[in-house]
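First comes the structure, then the notes that go with it.
Numbers restart at 1 for each chain; the letters A, B, ... are given by sequence-line order, proteins then strands.
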Amino acid sequence: MTVLRRVLTRLAIGIGVLWGAATLTFLAVYLIPGDTALLILGGPDARPTAETLAQVRADYLLDQPFLVQYGSYLGNLLQGDLGQSYRLRLPVSEAIGQQIGATAALAAAAVAVALPLTFVVAILSAQRAPWIRSIVSGVEVVFAATPTFIIGFALLIVFSFTLRWFPIGGNQGPAALILPALTLALAVFGTLSQVLRNELEDVLEQPFILTARSRGMRDLPVRIRHALRHAAIPVMTMSGFVVAALLGGSVVVETLFSRQGIGSLTLASVYNKDLPVILGIVLLSAAVYVVVNLVIDLLYTLIDPKVVTA
Amino acid sequence: MGLLALLAGCAGPAGSSSVAAGEPIPGGVLDVSISAEPGCLDGHGISATQQQFLGRLIYDNVVTLDENGDIAPYLAESWDVSEDGRTYTFHLKQGVTFSDGSPWNAEVLGQNFEHMRDPATKSPLAAAYIAPYVDGTVIDEYTFEAHLAYPYTPFLYTLAQSWLGMNSGKAITESPETLCQKPIGTGPFTVADYRPGQSISYTKREGYDWAPEWLDGDGAAYLDGVEVTLVSEPVIRHQSLVSGQYDLTENLAPQNASAVQADPDFTYENLARTGNPYVLNFNLNRAPFDDLAVRQAFAAAVDTKAVTESLGFGTYTPIDGFLSKESRYYDPTVEGVLTHDPERANQLLDDAGWTGRDGEGFRTKDGKRLTVEVPTVESSTPSPLLVQLQGEARKVGFDLRIIQLPQAQLTELRYAGDYDALAGVWHTNTTDVLFIRYHSSEITGERIGQNSSYVNDPELDALLSTAREADDGPVAEEAYSKAQHRLLEIVPGVPLYENPSQFAYANTLHDVAVDTSHPVPVLTYAWKAE
């Protein structure tokens, strides 16, 4: 019962988050200076007639006051209609639908690289000689702090331009996925690994670890079976960071590697002030965030039932 | 280097379509990278530069410009122009079909004109080009009469541009909302799959057999298909071409030009686009550029050749006039009229009363600094062109300020005329570009005009009107020549360099033709050797 209640509360909060995100973004894009109708018609180099301009304003309610535009947007949203893209002239759900697969594949590949890397490095480096820790931690800091663009470009120069092991860009085949996924993964690993190691080191000081060791358990099994279970929870709490890193990173990575996806769509939409698409992407990101946090929340209860009562 | 650039710039289409190495080999898919993607593939609904290249794959036009730049038959076999220049009778080619199976005929031509100017199409360009079109009459199945409000000789030229390609009449009637995503033309390829922001796959159209004569080929295309991918980073575009990932790239960055040129495995093309070259246009409506002397001073202050050389890594051609050298009726006597002369610039500014100097060394008049605001679209690094101009202008005491703005805001400012100068280009295949850019009726009002300099000169207006109404020939030539000289007297801006079309392709690709309407690759009869 408590679990069900917990889920329902979280869902209610989630819907609130979505509504808030939609409203704030709507307001933000609405307030960006510049005439959207002129932009829809091709920017400064177009020669549309006043009649065409009026038609565009009417079609997209741009001649209406804020509340009418906002009300119409929310009303359509409740009916599951995200609206029409100004630039692509097709439904937003379709515009996003076309791109989501590519970004999901990229994010999944990045997580598939980042998580094992994080766990292996953190488990092996916790409580080791200071020089080992300094080197590992130094590498992590570099990956965590260097802009994704630079990491991606460095990988491109080495593995594509020079060694020619991987294609330089595009979406064709699994080989084209490796460098972009690695770029995203390294940034995530850089942060997560540091957190996990610190937690592991705390846990390894606990009395129950000493008990386990005194029973003659070898070092690695102690780390994996006993310490990791406790240390993993703070790392899971950081899933929000991971989602943000993957979504934000995809904008850079997809542009750099000329990949299809939500990231490139975001960039093009912001540039073109394509409000319906921007709102659609924000809602999607917020929804992913809400769902991931809900799932993680439920996972806590499986890993450590004490969390529920806490 | 400068000479090299000039030679490259002059190498016309003739030097480009390489002599066929043996018999064409049918088959294969061509991988192409492009720098930007229009978001919509219906030429009537967009103004994107890439349309001229992309449109040639799927659309045919009513007429074409042949290898000499003369109007030639395409989907119209012939046409008559009435004595008063206001009625065009098109005799259409028979047996042409769109890829949805519907026929090409007089009714469809009329539907296309209506589609271009229908406000629902939201046309930023095509509608303006056919603005004088009043209505049309279907005389019989293959004869169409177009009525114009006034004589407008550029009509045929604009009809040869890919933005005015012919759409399926069936699609226009039944599903106009699908034209952006899945345009239906009569061209050599069809759109198989369009992923906005990523790629466009084209498939060869079986049974195609109505290519314009200048393409010198018959029947369907040799390539099975064309795969166009958006690669927005110039470095990546260059590297992925050289590594063999793509066969051809559009918009090759000038900094990579010499490397590609030196590589025997690639062909590099650097062709001037006809129309208005790259110009820093002044706003004649307000101070300080409402003063002719200040405009002349600015033009004399800029070392156009140095700026051009540095910007284009030696691949750009500087220009002295307001019309591209490749344009019809270009008058070479405009060369050398506006010259780099800092001494004269200083003298002009002194005479105009800008005699003071402030703490930073900028000129002042009545305590006001000689400031020039030039808005441009926001980017991570300021426009290299404007930075160069800033440096040039500073030498004689101008404070050129680069204002970076989001595209939407820049557009609004442009519409409102709230700027001192704007850098830009307008490429088109008709000398009527001078009308579009500098005739007083093209000042923003009823439509967003491209006379962003706010030139309002009765003498120039008269010359440009005479030229567009006259048939091709001596009357037009004389009027255009006088107009080019009149512009040098008004100085609505500083002409900088020819707007180039730079592209490159692997030498395994043969018979790439080049359009004279806008110099882009035409792939109808191109083929790949393996």
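- To the nearest 0.5 Å, atoms CE (B/Met116) and CG (B/Leu125) are separated by 10.5 Å.
- Contact annotation for A/Thr36: neither backbone nor side-chain heavy atoms come within less than 4.5 Å of a heavy atom of chain B.
- Side-chain contact, B/Thr430 with B/Tyr129: no donor N or O sits under 3.5 Å from an acceptor N or O.
- A/Asp63 and A/Arg57 make their closest contact through OD1-O, 3.4 Å (heavy atoms, listed as atom of the first residue, atom of the second, distance).
- Using non-hydrogen atoms only and a strict 4.5 Å limit, no part of residues 274-286 of chain A faces chain B.
- Residue contact with chain A, scored on non-hydrogen atoms closer than 4.5 Å, involves the backbone of B/Leu230 exclusively.
- Chain A forms more heavy-atom pairs under 4.5 Å with one residue of B/Ser243, B/Ser452, B/Ser232 than with any other, namely B/Ser243.
- A side-chain donor-acceptor contact under 3.5 Å links B/Thr428 and B/Gln161.
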Exercise. Is there a side chain to side chain contact (heavy atoms under 4.5 Å, CB included) between A/Leu53 and A/Leu41 once you walk through the steps?
Worked result: CA-CA 8 Å; A/Leu53 206 54; A/Leu41 284 169; 3.4 Å; yes

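- Residue B/Gln181 touches chain A through its side chain alone, counting heavy-atom pairs closer than 4.5 Å.
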| said: Checking A/Ile40 against A/Leu62 for the side chain to side chain contact (heavy atoms under 4.5 Å, CB included) test, could you report, in this order, the C-alpha distance in whole Å, the side-chain angles of both residues, the deciding distance, and whether it holds? | reply: CA-CA 11 Å; A/Ile40 293 170; A/Leu62 295 169; 4.1 Å; yes

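- Contact residues of residues 85-94 of chain A toward chain B are A/Arg87, A/Leu88, A/Arg89, A/Leu90 (heavy-atom distance under 4.5 Å).
- A donor-acceptor pair shorter than 3.5 Å can be found between the side chains of B/Ser453 and B/Asn281.
- Ranking B/Gly244, B/Cys180, B/Ser33 against chain A, the residue ahead of the rest is B/Cys180, based on heavy-atom pairs under 4.5 Å.
- Between B/Glu250 and B/Ser35, the side chains place a donor N or O and an acceptor N or O closer than 3.5 Å (distance only, hydrogens not considered).
- Between chain B and the options A/Gln98, A/Gln55, A/Glu254, heavy-atom pairs under 4.5 Å are most frequent for A/Gln55.
- Between B/Tyr133 and B/Tyr152, a ring centre-to-centre spacing not shorter than 6.0 Å is recorded.
- Using a distance-only test at 3.5 Å, with no hydrogens or angles considered, no donor-acceptor pair links the side chain of A/Thr162 to the main chain of A/Phe159.
- Interface remark: A/Leu156 contributes side-chain atoms only to the contact with chain B (heavy atom separation under 4.5 Å).
- With contacts defined as side-chain heavy-atom distances shorter than 4.5 Å, the pair A/Phe153/B/Val235 qualifies.
- Side chains of A/Thr23 and A/Leu27 form no contact here, defined as non-hydrogen atoms less than 4.5 Å apart.
- Rounded to the nearest 0.5 Å, atoms OG (B/Ser123) and NE2 (B/His44) are 8.0 Å apart.
- Ranking B/Gly424, B/Ala120, B/Ser199, B/Pro406 against chain A, the residue ahead of the rest is B/Ala120, based on heavy-atom pairs under 4.5 Å.
- Only the side chain of A/Gln99 comes within less than 4.5 Å of a heavy atom in chain B; its backbone stays farther off.
- Below 30°, between 30° and 60°, or above 60°: for B/Trp163 and B/His518 the angle between ring planes is above 60°, a perpendicular geometry.
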